[in-house]
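Below is one structure, written out as structure tokens, with a few remarks after it.
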Amino acid sequence: MCLFLMFHYIFISQIQNAPVGSPQKQEAQKNLLEEINHRKQIDQNIIEILRLSLKQTDVLDLLTSTRTTGQPVVADWDCYKALVKSFKNQCGAKMEYDMKYAGALANICNMGVDMKQSVAAIEEACAH
């Protein structure tokens with residue numbers, strides 16, 4: 001919710017406060033569209049990363065699933081750090097919104113998927 005409010009404040013208020021037809025309003029609208037498109041692409045990338053890493057098509061549950069109480073959030077921190085770094089570098093993460101999928105990356109590591117295979121999946125999914 002906090003990111004939504006920040007998103008709303010940054011973009012929507014700029015559009016609403018700019019004079020109609022002004023270059024400021026046009027620039028704010030352009031920035032909003034670019035950000036929406038970026039977020040949509042990141043959403044598509046993470047689903048493709050899960051599919052490629054796990055070699056399965058039904059991966060949507062892994063976007064939000066968590067480990068049971070008493071288990072560490074991430075079992076393999078080296079794997080997790082490598083995937084987060086690769087995700088940021090390859091997918092062009094621009095702001096914290098993109099890291100809302102950190103749990104999905106942790107799930108890949110927690111499932112014991114080979115780290116090199118997952119990094120390759122990130123590179124492939126974000127190559128466009």
Side-chain angles (χ1 to χ4, degrees):
M1 184 60 145
C2 182
L3 289 176
F4 171 77
L5 293 174
M6 182 177 74
F7 176 75
H8 180 269
Y9 177 76
I10 291 172
F11 294 106
I12 305 301
S13 65
Q14 288 177 1
I15 292 170
Q16 290 175 340
N17 293 332
V20 175
S22 69
Q24 295 89 351
K25 188 171 199 101
Q26 291 173 352
E27 183 67 21
Q29 289 171 329
K30 177 182 167 247
N31 291 340
L32 174 62
L33 184 59
E34 287 174 358
E35 187 62 27
I36 288 170
N37 288 333
H38 173 74
R39 290 178 183 211
K40 181 179 175 185
Q41 186 62 53
I42 293 295
D43 291 348
Q44 293 169 348
N45 287 349
I46 198 70
I47 291 168
E48 187 64 15
I49 290 164
L50 287 165
R51 286 183 182 144
L52 292 168
S53 291
L54 303 174
K55 296 183 180 356
Q56 62 188 46
T57 56
D58 188 20
V59 296
L60 294 180
D61 288 344
L62 293 172
L63 293 174
T64 57
S65 66
T66 57
R67 300 186 90 193
T68 58
T69 304
Q71 289 184 306
V73 175
V74 179
D76 183 346
W77 281 100
D78 291 333
C79 171
Y80 177 73
K81 287 187 249 181
L83 296 190
V84 168
K85 181 179 178 181
S86 181
F87 181 69
K88 284 184 173 184
N89 291 340
Q90 298 296 322
C91 297
K94 294 193 298 190
M95 56 188 293
E96 290 303 315
Y97 166 85
D98 300 331
M99 293 317 299
K100 78 177 188 174
Y101 293 123
L105 299 176
N107 286 337
I108 292 171
C109 294
N110 293 341
M111 295 177 77
V113 178
D114 179 69
M115 182 172 39
K116 289 180 183 177
Q117 175 184 327
S118 297
V119 168
I122 291 169
E123 291 170 356
E124 183 177 337
C126 300
H128 33 72

If I take atom CG from residue Asp114 and atom CD1 from residue Ile108, how far apart are they, to the nearest 0.5 angstrom? 12.0 Å
Looking only at side-chain N and O atoms, does Gln41 offer a donor or acceptor that is under 3.5 Å from a partner on Asn45? yes
Applying side-chain hydrogen bond (donor to acceptor under 3.5 Å, both in side chains) to Tyr101 and Asp43, what does each step give before you reach the verdict? CA-CA 9 Å; Tyr101 293 123; Asp43 291 348; 2.7 Å; yes
How close do Ala82 and Met115 get, counting heavy atoms only, and between which atoms? CB-SD, 3.3 Å
Would you compute the distance between atom CD of Glu123 and atom CG of Asn89 and round it to the nearest 0.5 angstrom? 10.0 Å
Could you state whether Phe87 and Val119 fall into the same hydrophobic cluster, counting links through intermediate Ile, Leu, Val, Met, Phe, Trp or Tyr residues with side-chain heavy atoms under 4.5 angstrom apart? yes
Decide side chain to side chain contact (heavy atoms under 4.5 Å, CB included) for Val74 and Leu105; before the verdict, give the C-alpha distance in whole Å, the side-chain angles of both, and the deciding distance to 0.1 Å. CA-CA 9 Å; Val74 179; Leu105 299 176; over 6 Å; no
What closest approach, in Å, do Ile122 and Leu83 show between heavy atoms, and which atom pair accounts for it? CD1-O, 3.6 Å
Which atom of Cys91 lies closest to which atom of Ile42, heavy atoms considered: O-CD1, 3.3 Å
When rounded to the nearest 0.5 Å, the distance separating SG of Cys109 from CG of Asp78 is 9.5 Å
Can you see which heavy atom on Ser53 is nearest to which on Val113, and at what distance? O-CG1, 3.4 Å
If hydrophobic clusters are built by linking Ile, Leu, Val, Met, Phe, Trp and Tyr wherever their side-chain heavy atoms come under 4.5 Å apart, do Ile47 and Leu52 end up in the same one? no
How far does CG of Asp76 sit from NZ of Lys81, to the nearest 0.5 angstrom? 9.5 Å
Would you check, one step at a time, whether the test side chain to side chain contact (heavy atoms under 4.5 Å, CB included) holds for Gln29 with Leu33? CA-CA 6 Å; Gln29 289 171 329; Leu33 184 59; over 6 Å; no
Shortest non-hydrogen separation from Val73 to Ala106 and the atoms involved: O-CB, 4.2 Å
